[in-house]
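Heads up, the thing below is written out as structure tokens.
Values reported hereafter were calculated over all heavy atoms of this structure, with side chains retained and with hydrogens, waters and symmetry mates removed. To find a chain, count down the sequence lines: A is the first, B the second, and so on, and within it residues start at 1.
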Protein chains: 2
Amino acid sequence: MTTTRVPQEQRSRATRRRLLEATVGCLVDHGYAGTSTTLVSERAGVSRGAQLHHYPSKADLVLAAVRHVSEQRGLELREAAASLPQGAGRTRAVLGMLGDHFTSPVFAAALELWVAARSDEPLRGEVAELEQQLGRDTHRMTVELLGADESRPGERELVQATLDLVRGLGLANTIGDDSARRARVLDRWAEVLEAGVG
Amino acid sequence: MTTTRVPQEQRSRATRRRLLEATVGCLVDHGYAGTSTTLVSERAGVSRGAQLHHYPSKADLVLAAVRHVSEQRGLELREAAASLPQGAGRTRAVLGMLGDHFTSPVFAAALELWVAARSDEPLRGEVAELEQQLGRDTHRMTVELLGADESRPGERELVQATLDLVRGLGLANTIGDDSARRARVLDRWAEVLEAGVG
DNA sequence: GAAGAAACAAACAGGCTTGACTGTTTGTGA
DNA sequence: TCACAAACAGTCAAGCCTGTTTGTTTCTTC
């Protein structure tokens with residue numbers, strides 16, 4: 001009674017966490033189609049029975065993975081935002097941070113889910129909602145980081161364009177590495193932003 | 001000898017064309033994972049034997065589809081570019097044309113192949129090469145349409161940013177329809193371009 | 001300490017996909 | 001006209017994936 005340390009629930013959490021992380025890893029390494037439940041359980045070091053115990057169907061697992069990825073992305077972004085320099089070069093640093101995020105493994109996982117959701121009815125709802133929410137958060141954060149004033153006409157759209165740009169850069173990066181070109185584009189974009197924001 | 005009309009080769013071409021168009025249709029409607037060879041042959045109205053005759057393996061079919069999609073995109077872009085208005089609003093019209101292309105079904109098919117290629121070694125090479133080539137063509141075309149002068153510093157990067165931006169907008173459009181937001185972003189971006197290009 | 005629940009393990013059946021294989025028709029060149 | 005090759009048709013087996021089922025261990029609670 002007094003020793004309510006609940007090691008069982010802890011184990012449960014740990015197992016679920018391992019499964020979700022394995023799922024994300026499979027998405028990054030093998031794509032959505034290559035992410036079979038057997039592969040996930042092997043990668044997680046969890047028996048197939050245990051897996052089915054926690055996530056009765058593949059849909060359950062994938063839905064949970066969608067939420068996990070969304071949370072991870074939010075976390076990564078906030079962490080990266082916290083260590084940005086002040087003063088000159090701030091704009092470029094913000095863009096660099098965004099560019100890094102949209103070329104990170106967790107973005108690759110999100111991209112796989114995003115594209116898979118395009119032709120998977122039950123997935124689409126969840127992905128759309130979470131992505132919209134994350135998008136709003138990211139927008140708000142970027143406005144703040146750049147010191148933008150959304151009451152000025154056009155300023156809001158410029159921030160949106162910034163996020164669409166880095167998404168496009170992220171997509172371009174999935175096949176060939178593109179960091180040199182990306183850096184040049186972001187350099188130029190920083191000039192545009194500094195002229196039109198703040 | 002004189003009647004070398006070759007109807008056999010014509011039929012061959014027609015069958016291959018039907019198979020490729022069916023493949024693209026499946027990619028758009030069911031995604032890469034949902035594009036099975038049986039589904040493609042049914043959709044094309046081609047027997048499984050005939051399919052295997054023209055494309056011995058699925059990889060052969062998909063590779064051919066990649067080339068087909070790339071050609072289609074080039075064609076669509078050039079056609080759309082041909083009917084652009086001159087004079088005021090030209091910049092916005094170019095952006096609208098690009099935005100339309102990157103939200104079209106053929107772009108969806110390309111996106112499916114793009115993402116699938118991320119975790120498919122033989123596909124990756126072909127997709128990367130063709131996309132790079134198409135990217136160069138599109139860049140060249142956009143420079144011309146906007147009347148940009150790439151010798152001026154930053155102008156080249158501005159055009160690249162434009163293409164990355166519409167790619168990002170296209171990706172955002174895959175799940176939820178986004179046309180209103182897209183229009184506002186492109187309105188704003190047209191202002192930036194007109195200030196910085198030409 | 002004993003009953004019951006949660007976590008884990010593993011075998012199994014059903015469905016789907018791919019490509020190999022065999023057979024048939026149609027067109028081409030001699 | 002005849003031989004040959006290309007196009008087309010359909011069946012079959014092997015493999016993988018999913019989810020169900022049955023059994024075992026570990027923890028909690030009375």
If you compare every side-chain N and O of [X] against the phosphate oxygens of [N] (OP1, OP2), does one of them come in below 4.0 Å?
X	N	value
Thr37(B)	dT18(C)	yes
Thr15(A)	dC8(C)	yes
Ser47(A)	dA9(C)	yes

- Message: Can you pull out every ring pair (Phe, Tyr, Trp, His ring centres under 6.0 Å) where at least one residue sits in residues 69-93 of chain A? Sequence neighbours excluded, please.
- Response: none
- Item | Listed partners of Arg73(A) passing salt bridge (charged side-chain N to carboxylate O under 4.0 Å, His left out), at least two apart | Glu131(A)
- Message: Under 4.0 Å, heavy atom to any atom of DNA chain C: which of residues 50-62 of chain A qualify?
- Response: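 Ala50(A), His53(A), His54(A), in order of number.
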- Should the pair Phe102(A) and Phe107(A) be assigned to parallel (<30°), tilted (30 to 60°) or perpendicular (>60°) ring geometry? tilted
Once you round it to whole Å, what is the distance between [atom2] of [N] and [atom1] of [X]?
X	N	atom1	atom2	value
His30(B)	dT17(C)	NE2	P	11 Å
Arg48(A)	dC16(D)	CZ	P	14 Å
Tyr32(A)	dC17(D)	OH	C1'	13 Å
Arg16(A)	dA7(C)	CZ	P	7 Å

Atom pairs and distances, donor-acceptor, side-chain atoms in residues 60-71 of chain B, under 3.5 Å, two or more places apart:
unit_1, atom_1, unit_2, atom_2, d
Asp60(B), OD2, Ser57(B), N, 3.1
Asp60(B), OD2, Ser57(B), OG, 3.1
Arg67(B), NE, Glu126(B), OE2, 2.8

For a quick test of your reading: what N or O donor-acceptor pairs under 3.5 Å do the side chains of residues 191-198 of chain B make, sequence neighbours left out?
unit_1, atom_1, unit_2, atom_2, d
Glu191(B), OE1, Arg188(B), NH1, 3.1
Glu194(B), OE2, Thr91(B), OG1, 3.2

- Query: Given that Gly49(A) and Thr38(A) both sit by DNA chain D, which one's nearest nucleotide is further toward the 5' end?
  - Reply: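 Its nearest nucleotide being more 5', the pick is Thr38(A).
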Please output the side-chain donor-acceptor pairs of residues 167-175 of chain A that fall under 3.5 Å, not counting sequence neighbours, one pair per line with the distance.
unit_1, atom_1, unit_2, atom_2, d
Arg167(A), NH1, Asp164(A), OD1, 2.7
Asn173(A), OD1, Asp178(A), N, 3.2
Asn173(A), OD1, Arg182(A), NH1, 3.1
Thr174(A), OG1, Leu171(A), O, 2.6
Thr174(A), OG1, Trp114(B), NE1, 2.5

